[in-house]
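Single-structure report; data block below.
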Number of protein chains: 2
Amino acid sequence: MIGTPMRFARNTEIYGEEEAAEHLYQVTSGAVRTYKILEDGRRQIGAFYLPGDIFGFEAGDTHISSAEAICESQVLMVRRSALMIRAIHEKDLARQLWDATALELRRFQNHVMLLISSAEQRVIGFLRDMARRATKNAAIELPMSRQDIADYLGLTIETISRTFTQLEQKGVISLLTSRRVELRDHVLFHGFVRNLD
Amino acid sequence: MIGTPMRFARNTEIYGEEEAAEHLYQVTSGAVRTYKILEDGRRQIGAFYLPGDIFGFEAGDTHISSAEAICESQVLMVRRSALMIRAIHEKDLARQLWDATALELRRFQNHVMLLISSAEQRVIGFLRDMARRATKNAAIELPMSRQDIADYLGLTIETISRTFTQLEQKGVISLLTSRRVELRDHVLFHGFVRNLD
DNA sequence: CGTCGGATTGAACACTGTCAAGTGAGGTGG
DNA sequence: CCACCTCACTTGACAGTGTTCAATCCGACG
């Protein structure tokens, strides 16, 4: 995927909800969040995108979320229309576009699964997802704040903080710093952590 | 959309999770639910499909959910591969496929939004969605059980039942029977029901 | 009329939210 | 180099909401 490289400072908007979706984006460095503001003022984060991830891809002509850089980030920008035209002839490209859509659907479904479980399971699920996607190092680097995680998991910042502490006390994770987390292996490999008590 | 008509009895499987997604389906009568069984045994319903709705459409080669008929239902079945080949030449069809995908993404996003609010807001959101999609009559006919609603909204059957009762006491809905609900107009039109107390 | 499955109701309990206070690391200026 | 500030994060006490477990109700159907 080629495109125009662009830089975004921390907390700056990449696109807004309801804007025409003229571009696709790929993160090359940094991290991005998509979100919606609800009528009652709360913010729901739809997804986090890390280097390599494609976003802005909503299969319609308007964005259904806003997107912001979480930290200083670089993204590649490609015109959607150009891609779609090329995709008519290049089967590989068409395939990649469908795959990206399928991935997006899976992400949403996974998100729904997270939201119906307990606070502890939500946090573990979030960390497992981050661990799987991040560099395969022992420690995960979290680019997002506790508030971002809270708005992603539908919890409060206090509950996130408490849950991190409890998971550390149970020996499930190590908090090297507040933004660097180490997961115990069994948490990575088990499909589901049934009982941590 | 043409295809092979098929009938399914109440609670019978239409397709299973992880099966090859060889077909697309359109409901002609009855109602369908898609769901996943979680590792701890709970069931998460991903969506309900009513007459006219297209399902089995996950943009990948395998189904990410199972699908079942909620009640005696008829669906049209079309081979995906045939559709995809036709879509290469028929721009309208290709467009329809993208639109269906976009709709599915919006459904998931809407679902996520529901899951982060209170029990009362979840139920109201669910009913508004059903009202919008069902026949525009005053009363909504709910084909699904309380347990289905509970598994869709991430709540227990008891909470669903209690919330229905409370909404009726507040004058937001009328329960003609347990499966026939009438919504007050203001609930339909407001983007969000801010305060019902 | 009796039975069965789905739905409702009640009481006790667990979990998460709320509000408020406290802690800690990084950055700035004297 | 240290004092101070700021912002993010953590912790505590308590209230509110949803779950759990159990009993009961209701309607369709034999």
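A note on names: the letters A, B, ... follow the listed sequences, proteins ahead of strands, and every chain is numbered from 1.
In this view, D129(B) and R132(B), R133(B) satisfy the salt bridge (charged side-chain N to carboxylate O under 4.0 Å, His left out) rule, not counting sequence neighbours. Residues passing the ring-ring contact (aromatic ring centres under 6.0 Å, His included) test with F55(A), sequence neighbours excluded: Y25(A), Y49(A). Every ring-ring contact (aromatic ring centres under 6.0 Å, His included) that H111(A) has, sequence neighbours left out, goes to Y152(A). With sequence neighbours excluded, the residues satisfying salt bridge (charged side-chain N to carboxylate O under 4.0 Å, His left out) with E72(A) are R7(A). A search for salt bridge (charged side-chain N to carboxylate O under 4.0 Å, His left out) contacts involving R106(A) returns nothing, not counting sequence neighbours. For E90(B), the salt bridge (charged side-chain N to carboxylate O under 4.0 Å, His left out) test picks out R86(B), with sequence neighbours left out. Partners of F108(B) by ring-ring contact (aromatic ring centres under 6.0 Å, His included), not counting sequence neighbours: none found.
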Test side-chain contact (heavy atoms from CB on, under 4.5 Å) on E13(B) and E19(B) and set out the steps.
CA-CA 12 Å; E13(B) 179 173 294; E19(B) 278 183 25; 3.6 Å; yes

E18(B) vs H63(B), side chain to side chain donor-acceptor pair (under 3.5 Å): CA-CA, chis, key distance, verdict
CA-CA 5 Å; E18(B) 304 292 324; H63(B) 289 298; over 6 Å; no

Would Q96(B) and D92(B) count as a side chain to side chain donor-acceptor pair (under 3.5 Å) if you check the C-alpha gap in whole Å, the side-chain angles of each, and the deciding distance to 0.1 Å?
CA-CA 6 Å; Q96(B) 278 184 302; D92(B) 276 3; over 6 Å; no

The test is side chain to side chain donor-acceptor pair (under 3.5 Å); show your working for Q109(A) and S65(B) and say whether it passes.
CA-CA 9 Å; Q109(A) 196 188 29; S65(B) 302; 2.8 Å; yes

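Scanning residues 139-152 of chain A for heavy-atom distances under 4.0 Å to DNA chain D yields S145(A), R146(A). Contacts between residues 155-163 of chain A and DNA chain C, defined by a heavy-atom separation under 4.0 Å, are made by L155(A), T156(A), E158(A), T159(A), R162(A).
Here R179(A) lies in heavy-atom contact (under 4.0 Å) with sugar-phosphate atoms only. Here T177(A) lies out of heavy-atom contact (under 4.0 Å) with every strand. Residue R10(A) is classed as a sugar-phosphate contact, given heavy-atom separations below 4.0 Å to backbone atoms only.
Residue I116(B) contributes atom CD1, which lies 14 Å from atom P of dG18(D) at whole-angstrom precision. R180(A) places its CZ atom 16 Å from the P atom of dA25(C), with the value rounded to the nearest Å. Remark: C1' of dC7(D) and CG of N11(A) are 13 Å apart, rounded to the nearest angstrom. Atom-to-atom, CG of L115(B) to P of dG18(D) comes out at 13 Å; the value is rounded to the nearest Å. Protein atom CD of Q166(B) is 12 Å distant from nucleotide atom P of dT8(C), rounded to whole Å. Taking atom CD of residue E120(B) and atom P of nucleotide dG17(C), one finds them 18 Å apart after rounding to whole Å. Atom CZ of F164(B) and atom P of dG6(C) are 16 Å apart (whole Å).
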Could you list the donor-acceptor pairs under 3.5 angstrom formed between side-chain atoms of residues 29-37 of chain A and any protein atom two or more places apart in sequence or on another chain?
residue : atom : partner : partner atom : Å
S29(A)  : OG   : Q74(A)  : N            : 3.4
R33(A)  : NE   : E68(A)  : OE1          : 3.0
R33(A)  : NH1  : D148(A) : OD1          : 3.4
R33(A)  : NH1  : D148(A) : OD2          : 3.1
R33(A)  : NH2  : N11(A)  : OD1          : 2.9
R33(A)  : NH2  : E68(A)  : OE1          : 2.6
T34(A)  : OG1  : A47(A)  : N            : 3.3
Y35(A)  : OH   : E68(A)  : OE2          : 2.9
K36(A)  : NZ   : E17(A)  : OE2          : 3.1
K36(A)  : NZ   : I64(A)  : O            : 3.3

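Geometrically, R146(A) engages F164(A) in a cation-pi contact defined by less than 6.0 Å to the ring centre and at most 45° from the axis.
With no hydrogens or angles considered, a side-chain donor-acceptor pair links S174(B) and R184(B) at under 3.5 Å.
Note on the helix from dC1(C)-dG30(D) to dG30(C)-dC1(D): terminal axis deviation equals 20°, with five pairs used at each end and the result rounded to 10°.
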N/O-N/O pairs, protein side and nucleotides 23-30 of chain D side, under 3.5 Å:
none

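S178(A) has no side-chain polar atom (N or O) that falls below the 4.0 Å cut-off from OP1 or OP2 of dT10(D).
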